[in-house]
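Here the structure is laid out as structure tokens; the discussion comes afterwards.
Note that the structure is a prediction, hence the values are computed from the model and not measured. Just so we're on the same page: letters track the sequence lines, and every chain starts at 1.
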Number of protein chains: 2
Amino acid sequence: MISDSGGKMEKHDELLVALRKVIRAIDLHSKQLERQVGLTGPQLLVMRAITRFNGAMVKEIADHTNLSPATITSILDRLQSRELVLRQRCTEDKRKVGVYLTDAGIKALQAAPQMLQEHFIRRFDDLKDWEQSLLVSSMQRLAAMMNAEQLDASPLLEIGQVDKPKL
Amino acid sequence: MISDSGGKMEKHDELLVALRKVIRAIDLHSKQLERQVGLTGPQLLVMRAITRFNGAMVKEIADHTNLSPATITSILDRLQSRELVLRQRCTEDKRKVGVYLTDAGIKALQAAPQMLQEHFIRRFDDLKDWEQSLLVSSMQRLAAMMNAEQLDASPLLEIGQVDKPKL
DNA sequence: AAATATTAATTCGCACACAAATTAATAATG
DNA sequence: CATTATTAATTTGTGTGCGAATTAATATTT
């Protein structure tokens with residue numbers, strides 16, 4: 001039996017624990033989605049990004065979803081093999097690839113439920129406005145604090161503007 | 001080019017975006033750790049769990065880390081192949097496997113840095129105490145809200161006590 | 001004691017997710 | 001124009017992560 005052996009946890013460790021639970025909950029939900037509608041969370045995410053601009057390039061999708069191009073490629077492979085998505089090399093610049101939803105893809109996307117449990121969203125939406133804002137800004141603050149370190153050669157960034165490089 | 005196309009994002013979408021950034025930051029740090037000290041975040045996590053109770057069973061480690069037994073097994077495989085960890089079947093109940101750190105494992109763990117970026121931790125520790133508590137409790141609240149949905153047959157759970165099943 | 005159920009761990013198949021290397025095409029420079 | 005650099009996407013290799021199926025061992029029931 002593993003006990004907590006009395007060692008009091010640092011606050012940042014508590015943070016990490018909570019974070020892991022959230023991550024796990026999201027992942028479990030994604031797998032649940034996959035069983036129910038045949039689309040995982042990341043797949044839905046990518047399809048939604050495509051929806052926003054039909055014919056988007058891979059890199060644009062990557063920027064928009066905060067995923068790497070390599071990851072996008074593999075997700076697109078699976079979507080394409082199921083004919084939910086269509087790739088078409090750009091004629092003017094043959095390095096680029098335009099990605100489109102097929103009719104089946106559009107239909108699948110429309111049929112898909114929310115990305116988090118409706119219960120969660122409902123519960124979140126039921127919170128008072130200031131509570132929602134507090135949670136959102138807390139997450140954003142954490143993201144900023146973490147992200148700033150990723151770019152380990154840019155000590156000049158201000159906390160308030162770390163996000164979105166250029167979209 | 002993907003633009004935000006003016007569609008104002010829902011608050012819960014903003015939340016998810018921030019969450020994804022945090023998740024990504026953690027993952028990137030894990031890969032950075034791997035390059036620097038040869039141990040990923042999850043590997044460190046598992047080794048720490050073992051430290052708390054030498055000879056822990058796989059299931060106990062899984063409970064304690066919020067990971068599935070299958071995941072623990074694969075992580076242990078890699079740790080064992082590098083002789084950082086040792087598996088020994090229990091003699092009384094031969095279904096059970098005790099997991100131990102080797103001397104090399106103990107040394108590697110001691111030499112390993114934190115699982116979150118040190119810059120982040122420093123910055124976090126610099127926050128006022130109430131700010132730290134606010135961030136931690138915000139995350140815990142999210143975890144509770146999301147976790148409650150996972151157990152999709154338990155509408156009775158109160159928000160405040162969803163965590164730790166039994167550890 | 002024999003049949004059945006439960007439990008622990010592993011194996012298998014799948015889907016991320018990234019960095020690094022590669023390929024192909026375009027842009028910039030001499 | 002030829003060489004070099006940059007850019008876009010893919011391929012390759014590694015490491016998570018899970019559920020479902022499997023194997024082996026222990027408990028329970030009949």
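Distance B/N66 CG to D/dT16 C1': 15 Å, rounded to the nearest Å. If you measure from atom NZ of A/K31 to atom C1' of C/dA15, you get 6 Å, rounded to the nearest angstrom. Across the protein-nucleic acid pair, B/D77 atom CG and C/dC12 atom P stand 11 Å apart, rounded to whole Å. In this entry the distance linking NE2 of B/H29 with P of C/dA19 reads 14 Å, nearest Å. Distance CZ (A/R78) to C1' (C/dA17): 10 Å, rounded to an integer number of Å. We find that CG of A/D27 is positioned 8 Å from P of C/dA17, with the value rounded to whole Å. The distance from atom CE of B/M57 to atom P of D/dA25 is 16 Å, rounded to the nearest whole Å.
Dashed line: the shortest gap from a side-chain N or O of B/R24 to OP1 or OP2 of C/dC18 is under 4.0 Å. Put simply, A/R89 has no side-chain N or O that comes within less than 4.0 Å of OP1 or OP2 on D/dA9. The side chain of B/T40 contributes an N or O atom lying less than 4.0 Å from OP1 or OP2 of D/dT16. In this model, the phosphate group of D/dT10 is approached by a side-chain N or O of A/R87 to a distance below 4.0 Å at OP1 or OP2. Remark: B/Q43 is in phosphate contact with D/dT16, judged by side-chain N or O atoms under 4.0 Å from OP1 or OP2.
Side-chain atoms of B/V99 and B/M57, non-hydrogen and from C-beta on, never get closer than 4.5 Å to each other. A 4.5 Å side-chain heavy-atom check between A/L101 and A/R48 finds every atom pair outside the cut-off.
Proximity note for A/L28 (side chain, C-beta onward) versus C/dA19, D/dC18, D/dA9: the nearest is D/dC18. Listed nucleotides: C/dC16, D/dA9, C/dA9. Nearest to the side chain of B/K59: C/dA9. Between C/dA15, C/dT10, C/dT6, one nucleotide has an atom nearer to the side chain of B/P69 than all others, and that is C/dT10. When each of C/dA8, D/dA8, C/dC18 is scored by its nearest atom to the side-chain atoms of B/R95, the top-ranked nucleotide is C/dA8. Of the candidates D/dT11, C/dA9, D/dA25, the closest approach to any side-chain atom of B/K94 belongs to D/dA25.
Nucleic acid contact for A/R20: none, since no nucleic acid atom lies under 4.0 Å from a heavy atom of the residue. Here A/T71 lies in heavy-atom contact (under 4.0 Å) with a base. Using a 4.0 Å heavy-atom criterion, one finds that B/I72 contacts no nucleic acid atom at all.
Salt bridge annotation for B/D126-B/R122: absent, with no cationic side-chain nitrogen under 4.0 angstrom from a carboxylate oxygen. Ion pair A/D125/B/K11 not flagged as a salt bridge, since none of the NZ, NE, NH1 or NH2 atoms sits closer than 4.0 Å to an Asp/Glu carboxylate oxygen.
Projected onto DNA chain D by closest heavy-atom contact, A/R35 and B/G41 fall at different nucleotides, the more 5' of which corresponds to B/G41. Remark on DNA chain C: of its neighbouring residues A/T91 and B/K96, the 5'-side contact belongs to B/K96, judged by nearest-heavy-atom nucleotide. A residue-by-residue look at A/D93 and A/E34 shows that A/E34 has its nearest nucleotide of DNA chain C further toward the 5' end.
Between the B/T102 side chain and the B/L84 main chain, a donor and an acceptor come within less than 3.5 Å of each other. Listed for the B/S137 side chain is a donor-acceptor partner under 3.5 Å among the backbone atoms of B/S133.
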